[in-house]
Peer 1: 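Here it is: the structure, laid out below.
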Amino acid sequence: MIEIATSSTTTTLVIAGDLDLAERDQFPEIATRVVGLRRQLLVIDMCRVTFMDSTGAAFLISLADSGRKRGGATVLRGADERDLFVLEVCGALDLFRIDRDHRCESAPAPSAPTAHHPGG
């Protein structure tokens, strides 16, 4: 599932589930909508992406490329190392700004220190 949210300067794509060949039928419509919004910044939230193949990578690359052609930027937020590796293998990692400071809501919170209970 891909949701589109906008502000005055930013379009945000929130992607959940697989971003792969099985989902490709929706890519052209989403790309058309994103390009039509003409925002300078595209943020792609990948916190809930479970799998991305080269088809999904090609979709992200096409979005970033069309944004760059009109002077915009594309930020990847919440992409895991596997997703970044796929983009790197495609030779396209430099099309994206990587938000390494973002912490996904679904990420487990750091463990709190536990009290030591004798005999337990």
Peer 1: With a 4.5 Å limit on heavy-atom distance, are the side chains of Ile15 and Ile44 in contact?
Peer 2: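 Ile15 reaches Ile44 side chain to side chain.
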Peer 1: Going hydrophobic residue to hydrophobic residue with side-chain gaps under 4.5 angstrom, can you get from Val75 over to Leu93?
Peer 2: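 Hydrophobic grouping puts Val75 apart from Leu93.
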Peer 1: Starting at OG1 of Thr74, measure out to CG of Leu41 and round the result to the nearest 0.5 Å.
Peer 2: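 Going from the OG1 atom of Thr74 to the CG atom of Leu41 covers 7.5 Å.
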Peer 1: Do Val35 and Phe59 share a hydrophobic cluster (ILVMFWY, side-chain heavy atoms under 4.5 Å, transitive)?
Peer 2: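 Different hydrophobic clusters.
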Peer 1: Check the pair Leu87, Met52 against side chain to side chain contact (heavy atoms under 4.5 Å, CB included), reporting the backbone distance first and the verdict last.
Peer 2: CA-CA 10 Å; Leu87 292 168; Met52 180 176 75; 4.1 Å; yes
Peer 1: If only atom types and distance count, is the side chain of Arg39 paired as donor or acceptor with the main-chain N or O of Leu37 below 3.5 Å?
Peer 2: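 At least one qualifying donor-acceptor pair exists.
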Peer 1: Between Gly71 and Gln40, what is the shortest heavy-atom contact and its length?
Peer 2: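 Closest approach of Gly71 to Gln40, heavy atoms only: O-NE2, 3.1 Å.
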Peer 1: Start with the C-alpha distance between Asp20 and Thr55, add both sets of side-chain angles, then the distance that settles side-chain hydrogen bond (donor to acceptor under 3.5 Å, both in side chains), and finish with yes or no.
Peer 2: CA-CA 5 Å; Asp20 62 3; Thr55 306; over 6 Å; no
Peer 1: Phe96 and Val43: same hydrophobic cluster, using ILVMFWY side-chain contacts below 4.5 Å?
Peer 2: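 No, Phe96 does not connect to Val43 through the hydrophobic network.
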Peer 1: Shared ILVMFWY cluster between Phe51 and Val86, side chains joined below 4.5 angstrom?
Peer 2: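 Shared cluster, no.
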Peer 1: Within a 6.0 Å radius of atom CZ on Arg38, are there more than 12 heavy atoms belonging to other residues, nucleotides or ligands?
Peer 2: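 It does not: Arg38 CZ has 12 such atoms or fewer within range.
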Peer 1: Quick check: does any side chain N or O of Asp53 sit under 3.5 Å from a backbone N or O of Leu21, one acting as donor and the other as acceptor?
Peer 2: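 Checking the backbone N and O of Leu21 against the side chain of Asp53, a donor-acceptor pair under 3.5 Å is found.
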Peer 1: Determine whether Val14 and Leu19 fall in the same hydrophobic cluster, where Ile, Leu, Val, Met, Phe, Trp and Tyr are linked whenever their side-chain heavy atoms lie under 4.5 Å apart.
Peer 2: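 No, Val14 and Leu19 fall in different hydrophobic clusters.
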